[in-house]
Amino acid sequence: MDIKLARIDDRLVHGQVVTTWTKITGISRILVVSDEAASSELRKFLLKQASPPGVKTNVMTVEKLIEVSAHRLLDDIKVMLLFTNPTDVSHLVKAGVPIEKVNIGGMKFSNGKKMITNFVSVDETDIEAFKFLNLQGIELEIRKVPSDRKINLIDVLKKVE
């Protein structure tokens, strides 16, 4: 599996992913990694329907991706991994899935979270997961679209703590 982009965006497959990220990364497959989305047949169907032409989408649990990540059938497949939260990313990294960089595109505000940018909100669980990923040497960039300036997530967290 050739991971071209690992992205946290709680909207998962949407306009920015379809129109810009898939083109700039040259991927042929989107892997939505979300236990919640994988448990809903309707949501899986809708996510697959939102995919751009020529890009296949699969929706799976974190454990399923760990299981299939080293399978030879994925050897030369250029993929985009989409997540809703950093905890799922940290589980994959702990299981040995090779992720070098994570793009944070959007994490909505909800009760118990604090806004650290106008489109990224975190709670303590998110912060701990991001700190773990940072300690593993994984680059954590905040960017909605490829043309945006990269912002280092850890630098932003230091300012708000």
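This is a predicted model, so every value here is computed, not measured.
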How long is the span from the CD1 atom in I142 to the CG atom in N152, to the nearest 0.5 Å? 8.0 Å
Got a donor-acceptor contact below 3.5 angstrom from the D9 side chain to the L82 backbone? no
Tightest non-hydrogen contact, residues I3 and P98, listed as CD1-O, 3.5 Å
Counting only N and O atoms by type, is there a donor-acceptor contact under 3.5 Å from the side chain of R7 to the main-chain atoms of K144? yes
Hey, quick one: are V156 and I154 part of the same hydrophobic cluster, counting side-chain heavy atoms closer than 4.5 Å, chains of contacts allowed? yes
Does atom NZ of K108 have more than 12 heavy-atom neighbours from other groups under 6.0 Å away? no
Does V89 form a side chain to side chain contact (heavy atoms under 4.5 Å, CB included) with I138? I'd like the steps, not just the answer. CA-CA 11 Å; V89 180; I138 296 170; 5.8 Å; no
Output for pair (I99 CD1, E139 CD), nearest 0.5 Å, gives 13.5 Å
What distance do S90 atom OG and D126 atom CG have between them, rounded to the nearest 0.5 Å? 10.0 Å
So, for I30 and V13, which heavy atoms are closest and what is the spacing to 0.1 Å? CG2-CG2, 4.3 Å
Just wondering, do D10 and N85 contact through their side chains at under 4.5 Å, heavy atoms? no
With a 6.0 Å cut-off (strictly less than), is the heavy-atom count around CD of Q136, excluding the residue itself, greater than 12? yes
Student check: side-chain heavy atoms of V79 and I27 closer than 4.5 Å: no
Heavy-atom side-chain proximity of L65 to L81 below 4.5 angstrom: yes
Please test T125 against E128 for side chain to side chain contact (heavy atoms under 4.5 Å, CB included), starting from the C-alpha separation and ending with a verdict. CA-CA 5 Å; T125 302; E128 289 307 310; 6.0 Å; no
Atom NZ of K113: over 12 foreign heavy atoms under 6.0 Å: yes
Within a radius of less than 6.0 Å around CG of D76, do more than 12 heavy atoms belonging to other residues, nucleotides or ligands occur? no
Same cluster or not: are M80 and I24 linked, directly or through other Ile, Leu, Val, Met, Phe, Trp or Tyr residues, by side-chain heavy atoms under 4.5 angstrom apart? yes
Is there a path of hydrophobic side-chain contacts, each under 4.5 Å between heavy atoms of I/L/V/M/F/W/Y residues, joining V68 to F83? yes
Hey, could you give me the NZ/CD1 distance between K94 and I66, rounded to the nearest 0.5 Å? 10.5 Å
Is F109 reachable from I116 through a run of hydrophobic residues whose side-chain heavy atoms are each under 4.5 Å from the next? no
About how many Å separate CZ of R29 and CD1 of I77, when rounded to the nearest 0.5 Å? 5.5 Å
Looking at S121 and M115, what are the two nearest heavy atoms and their distance? OG-CG, 3.2 Å
Measuring from atom CZ of R149 to atom CD of E141, what distance do you get when rounded to the nearest 0.5 angstrom? 11.5 Å
Taking every heavy atom of P86 against every heavy atom of M107, the minimum-distance pair comes out as CD-CE, 3.6 Å
Scanning both residues in full, the closest heavy-atom pair of V145 with W21 reads C-CZ2, 3.5 Å
Under 4.5 Å between side-chain heavy atoms, hopping through other hydrophobics if needed: is there a path connecting L46 to L12? no
Closest non-hydrogen atom pair between L31 and M60, with its separation: CD2-CE, 3.9 Å
Within a 6.0 Å radius of atom NZ on K44, are there more than 12 heavy atoms belonging to other residues, nucleotides or ligands? yes
